[in-house]
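Here the structure is laid out as structure tokens; the discussion comes afterwards.
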Amino acid sequence: MSTALPTALELASAIATGSQTASAVLDEHFARIEAHDSEIQAFLSLNKDQAYATAQSVDDTVKAGNASTLPLLAGVPIAIKDNLNVTGTKTTCASKMLESYVSPYDATVITKIKAHQMPIVGKTNLDEFAMGSSCEKSAYHPTYNPWDTACVPGGSSGGSAACVSAGMVTLSLGSDTGGSVRQPASLCGIVGLKPTYGLVSRYGLVAFASSLDQVSPFARTVEDTAAILQVIAGKDAHDMTSSAPSVLPDYVASAQAGALGMQLAGKRLRVGIVDGFEGEGIQAGTQKAVTEAIARFEGLGADVKRISLTGFQEAIAAYYIIATAEASSNLARFDGVRYGLSEREGVENVYDMFAKTRAKGFGAEVKRRILLGSFALSAGYYDAYYGKAQLARKVLAQSFNQAWQDVDVLICPTSPSVAFKLGEKNDDPISMYLSDVATIPANLVGIPALSLPCGFDEATGLPIGLQLMVPAWEEEKLLAIAFAFQEAVGLKNLVPPAFQALKVSV
Ligand code: GLN
């Protein structure tokens, strides 16, 4: 099923060739936001003045006959998860703690997006401080899945996924610490890519778990995903964990090289199916779609074999120690002194102010994580929990390294189930945590992973995502394989029927 909505690359070329102005493109996207966002609630704030100023400067460049100087995605509107700093706009992290916090600086990815003259339409909803898998843990409101508004869009980057899915933008940024871009991409029928740890700067991303966080893009096609990666990737002096090749590859060209099919340097592609994604805990519709995806890889000429990765299923336990430990330290800065909320009335002393500010500003899930993390790091428990989790992380990395001797890419479902109903997992944190069983390993070992649509669940009609993982720094290969699969399966640029009506023309 494809739609009449243009892709980001189509919009960019329409703007550069003068068949559409960037301002008109923006008008149409804001019209779609006005028509649909009351139902989806993907946005926390809109940014019209800045967005129109950017569009105008693109139009001026085209009018002056200088279109050839425009960067790749000039004039293409983008939405930003509300845990990334954009100068002069609020960065709330969907928390009461930062309700009135205004960013004094741009995250590096935002500097790059501005340099590419992409209008930033607004900031999107998330689970508070990016902790969650459903976007219901926002302190403001939930976001609804465009395929079925009784269902969640996934999380934590649910707003960024839903606005791309509903055609309110063609591109958005989220952050992925344990699956927060790939899982919502899967639940919303779009593409989400978590790059190699370090390929994209984290400077200006509000930290959750610094050894796992990656700024990650959403799009409706693999080519658009490649294009936005081109914009945001690169080493950054402000982030000492960033490291990228001095000259970035041409990711769009690499993706399209996938048109050559399931070949890698003239050899048959070796695909590994991650063991353990059949039976209990995995929905029947998801199993069926993944089985069909495997057959499609075989049909395209790939060699397919099963791979058992030691520690893959246990990664979730290690993650909830490591991520919460890092979060307990990162979130210590929200104490009423410097950022956002500060409870000063009637407090007895500074410790009382810390306690009252944090009690009022943080929601229940954030408090749960801080408590878990503080406990895991406390004297006497460090070795039993944190030390063991780090060991599990090492074992997992070894088993991936071993797998790469035998296969070029590993595949499995992105999520054990399609989008679930709002409220369904709210009282059961463990079942919510299990949503990320397949996505967490890539964060723990730092490798790139991408989710793209591979089918629909017959029972519910909801989209199903397939996850592809490759060794670190092999984004070019990942995009090429994803593109080949996308073309073969024919599921690209999906927009749910109810959101196709208002057309954005090119
Ligand atoms: N759902 C996972 C969590 O709650 C992952 C979150 C994320 O990637 N930001 O920790």
Side-chain angles (χ1 to χ4, degrees), residues 80-84 93-95 124-139 142-143 152-161 172-188 192-195 197 200 202 205-218 315-328 330-331 362-373 376 389 393 414-417 419-420 424-426 428-451 465 467:
I80 307 291
K81 186 176 182 178
D82 205 20
N83 61 353
L84 280 159
C93 292
S95 178
T124 59
N125 200 18
L126 61 149
D127 291 295
E128 186 177 357
F129 283 104
M131 298 173 182
S133 306
S134 69
C135 217
E136 295 164 290
K137 310 283 182 191
S138 163
T143 294
V152 304
S156 63
S157 317
S160 281
S172 66
L173 294 186
S175 62
D176 190 312
T177 303
S180 273
V181 161
R182 287 159 289 153
Q183 184 257 16
S186 171
L187 272 46
C188 289
L193 165 68
K194 184 201 85 72
Y197 182 81
V200 180
R202 291 181 296 110
L205 166 70
V206 179
F208 163 10
S210 311
S211 77
L212 304 163
D213 298 339
Q214 263 302 274
V215 177
S216 303
F218 290 101
I316 201 158
Y319 170 87
Y320 276 96
I321 300 292
I322 293 167
T324 58
E326 293 184 17
S328 72
N330 276 326
L331 271 62
F362 289 138
E365 183 60 30
V366 175
K367 287 178 186 157
R368 182 180 295 125
R369 306 274 180 125
I370 293 171
L371 288 171
L372 270 171
R393 192 175 187 176
T414 307
S415 166
S417 72
F420 45 90
E424 194 178 310
K425 297 183 195 245
N426 259 348
D428 184 357
I430 302 281
S431 118
M432 188 76 92
Y433 295 172
L434 285 172
S435 303
D436 298 316
V437 63
T439 49
I440 279 170
N443 300 82
L444 284 174
V445 304
I447 58 172
L450 178 148
S451 176
Q467 179 176 234

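Numbering of ligands and ligand atoms starts at 1, following listing order. Keep in mind it's a predicted model, so treat the numbers as computed, not measured.
Heavy-atom proximity to Phe208, at under 4.0 Å, picks out these atoms of ligand 1: 9 (N), 10 (O). Interface of Ser156 with ligand 1, defined as ligand atoms under 4.0 Å from a residue heavy atom, comprises 9 (N). Every atom of ligand 1 is numbered from 1 in the order shown, and the set under 4.0 Å from a heavy atom of Gly178 is 5 (C), 7 (C), 8 (O). Within the listing of ligand 1, atoms 2 (C), 3 (C), 4 (O), 10 (O) sit less than 4.0 angstrom from a heavy atom of Tyr320.
A donor-acceptor pair is defined here as one N or O able to donate and one able to accept, closer than 3.5 Å; such a pair exists between the side chain of Asp176 and the backbone of Val181. A side-chain donor-acceptor contact under 3.5 Å links Thr414 to the backbone of Gln467. Remark: side-chain polar atoms of Gln183 are not paired, donor with acceptor, to backbone N or O of Thr439 under 3.5 angstrom. No donor-acceptor distance shorter than 3.5 angstrom exists from the side chain of Ser95 to the backbone of Glu128, with no hydrogens or angles considered.
Residue contacts with ligand 1: Arg369 is included, with a non-hydrogen atom under 4.0 Å away. No heavy atom of Ala323 sits closer than 4.0 Å to any atom of ligand 1.
In terms of protein heavy atoms, atom 6 (C) of ligand 1 is closest to Ser180 OG, 2.9 Å. Distance from atom 10 (O) of ligand 1 to its nearest protein heavy atom, with residue and atom name: Tyr319 OH, 2.6 Å.
Contact annotation: for Lys194 versus ligand 1, there are no heavy atoms closer than 4.0 Å. Contacts with ligand 1 closer than 4.0 Å are made by side-chain heavy atoms of Asp436 only, the backbone lying farther away. Proximity of Tyr433 to ligand 1, defined as any heavy-atom pair under 4.0 Å, is not found for any part of the residue. Of the heavy atoms in Ala130, both backbone and side-chain atoms come closer than 4.0 Å to ligand 1. Heavy atoms of Phe129 found under 4.0 angstrom from ligand 1: none, in either backbone or side chain.
Of all heavy-atom pairs spanning Cys188 and Pro153, the tightest one is SG-O, 3.5 Å. When all heavy atoms of Ser133 and Asp436 are compared, the closest pair comes out as OG-OD2, 3.0 Å. Heavy-atom minimum distance, Gln214 versus Pro195: CG-O, 3.7 Å. Taking all atoms of both residues into account, the shortest heavy-atom contact from Ser134 to Val152 is O-CB, 3.5 Å. Between Arg393 and Asn443, the shortest heavy-atom contact is NH2-O, 4.1 Å.
Side-chain contact of Ser175 with Lys81: a donor-acceptor pair under 3.5 Å is present, judged by distance alone.
Polar contact check, Met131 against ligand 1: no nitrogen or oxygen pair lies under 3.5 Å apart. Checked by distance only, ligand 1 and Thr177 come closer than 3.5 Å through their nitrogen or oxygen atoms. Checked against a 3.5 angstrom limit, the closest N/O atoms of Gly155 and ligand 1 fall outside it.
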